[in-house]
Chemist: 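One structure, pasted below without further comment.
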Amino acid sequence: MTIGRFAPSPSGRMHLGNVFAALMAWCSARSQGGEIVLRIEDLDPQRTSAAFAGQIKTDLLRLGLDWDREAPWQSTRTAAYDEAFAKLESLGLVYPCYCSRSQVHAASAPHLGQSEYVYAGTCRNLTAAERAAKNRPPCWRLRVPPEAWTVRDRLQGDYTENLERDCGDFVLRRADGVYAYQLAVVVDDAANGVTEVVRGRDLLSSAPRQTYLFHLLGLPAPTYAHVPLLLAPDGRRLSKRDADMDLDALLSRFSPERLLGILAHAAGLLDRPEPISARDLASAFDWNRLRKEDIFLTLP
Ligand code: GLU
C-alpha cells in the first residue's frame, strides 16, 4: 500500500507553491488507493508555532486535501532522534564542529543544490586537545564519504551527488540542541511508514543526504518525486512573503475547485483551467502529464 505524506513546517501560512506540492502528494497517493499521513515539522521552536499548524490543517481541508492519520509532531520526537544520532555516533561518523556561521561560509564552496554550501571539513580531524581548547558549544556533523550517491526521482530522473565533493559533511544537530531537518525527516518518514515522498523540487538536493541516512540507519527509504516550483511572472519563486499568494487571499477570489483547476492546468494535468475537485483530479492524475520544469503562474 502506498503511504504518502504532507510534512509542512508551521512557520507561516501555506502559499500556492506549498499547496501545489501537497496537491501532487495527495493525488499521487489517492490515485493508487493509498493513504496520506500528516506530519507537522515543528523542529525549530523559534520559527514555528501551533497557530500556523492549525491554519495549515484548515487550509488543506478547505481544498479537499485530507489525511488518514496524523503523525506525532516533530517537537515530541526528540527521543527517537537521540536514538538515531547515537547509532550514527556508534558508527564513528559524527563529530563536533566549532565553526561559526561566518567561518563556515568563508571556507566553503556552494552546494550543488542552491542556497547551501559544502562544508570544507575544518573540524573533521581535530584532536581531543584541540576540541577541548574551543570555547563554544559545537554543532554535530556527519562525516560523508567521497562516494557518488544516486537518487531515482520519478519525475526528475536520476539525481547524483558525490557526497563529499558536492554536499560535504552536513549538520545533524545544531549547537542549541535542535536536530536538523535531514535527520528528523528520515527517522520520521521511516517511523510513519511513508513509502512515497512527493514534494517541491527545492528539496531534490536534500534527497541524497536523506537516502544516505536511511542506508546508514538501516531503514527503508521511500520513493521520491520532486515536483516543479511555482514562479511569479517575473521568475521569482513564490514564497511565504507573497501576501497575494496566501491562501486566504486566494480563496477570497477563487473557489477551491477553481484554484485547483488553475494549478492543474498550469502543471499540464488538465487541458483547460476548468474547476475540478481534488478527488476528480486524483482520478485523472498521470505522472506522465505532469511538467518537470518550474511553472510560471499567472492568475486570471
Ligand atoms: N517541512 C519541509 C518544508 O515545509 C518539507 C519537508 C519534506 O517534504 O521533506 O519545507
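Whatever order the structure lists them in is the order used to number ligands and atoms, beginning at 1.
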Chemist: For residues Pro138 and Tyr95, determine if any side-chain heavy atom of one lies less than 4.5 Å from a side-chain heavy atom of the other.
Modeler: no

Chemist: Does Arg136 make a cation-pi contact with Tyr98, if we ask for NZ or CZ under 6.0 Å from the ring centre and within 45° of the axis?
Modeler: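 No.
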
Chemist: Looking at Tyr119, does the NZ or CZ of Arg141 lie under 6.0 angstrom from its six-membered ring centre and within 45 degrees of the ring axis?
Modeler: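 The answer is yes, since Arg141 meets both limits relative to Tyr119.
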
Chemist: Out of all atoms in ligand 1, which are within 4.0 Å of some heavy atom of Tyr181? Include the element for each.
Modeler: 6 (C), 7 (C), 9 (O)

Chemist: Relative to the heavy atoms of Leu203, which atoms of ligand 1 are at a distance of less than 4.0 Å?
Modeler: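 Counting from 1, the qualifying ligand atoms are 5 (C), 6 (C), 7 (C), 8 (O).
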
Chemist: Can you name the atoms of ligand 1, numbered from 1 with element, that are less than 4.0 Å from a heavy atom of Arg199?
Modeler: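 Answer for ligand 1: 7 (C), 8 (O), 9 (O).
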
Chemist: Counting from 1, what ligand 1 atoms have a heavy atom of Glu41 closer than 4.0 Å?
Modeler: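 In order of number, 1 (N), 2 (C), 5 (C), 6 (C).
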
Chemist: Could you tell me whether the side chain of Trp140 reaches within less than 4.5 Å of the side chain of Leu88, counting heavy atoms only?
Modeler: no

Chemist: How about Thr223 and Thr195: do any of their side-chain heavy atoms sit closer than 4.5 Å?
Modeler: no

Chemist: Would you check if His15 and Leu250 make a side-chain contact, meaning some heavy-atom pair closer than 4.5 Å?
Modeler: no

Chemist: Is the closest basic N to carboxylate O distance between Lys292 and Asp153 below 4.0 Å?
Modeler: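 Salt bridge between Lys292 and Asp153, a charged N being under 4.0 Å from a carboxylate O: no.
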
Chemist: Quick check on contacts: which atoms of ligand 1 are under 4.0 angstrom from a heavy atom of Val185?
Modeler: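 So the atoms of ligand 1 that pass are 9 (O).
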
Chemist: State the atoms of ligand 1, each with its element, that fall below the 4.0 Å cut-off from a heavy-atom position in Arg5.
Modeler: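 Here the atoms of ligand 1 in question are 7 (C), 8 (O), 9 (O).
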
Chemist: Just let me know how Asn18 lines up against ligand 1, side chain, backbone, both or neither, with a heavy-atom cut-off below 4.0 Å.
Modeler: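 Answer for Asn18: neither.
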
Chemist: Please determine if Gln210 has a nitrogen or oxygen closer than 3.5 Å to a nitrogen or oxygen of ligand 1.
Modeler: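 By distance alone, the answer is no.
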
Chemist: Would you check the N or O atoms of Pro8, main chain and side chain alike, for any that come under 3.5 Å of an N or O of ligand 1?
Modeler: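 Checking ligand 1 against Pro8, no N or O pair falls under 3.5 Å apart.
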
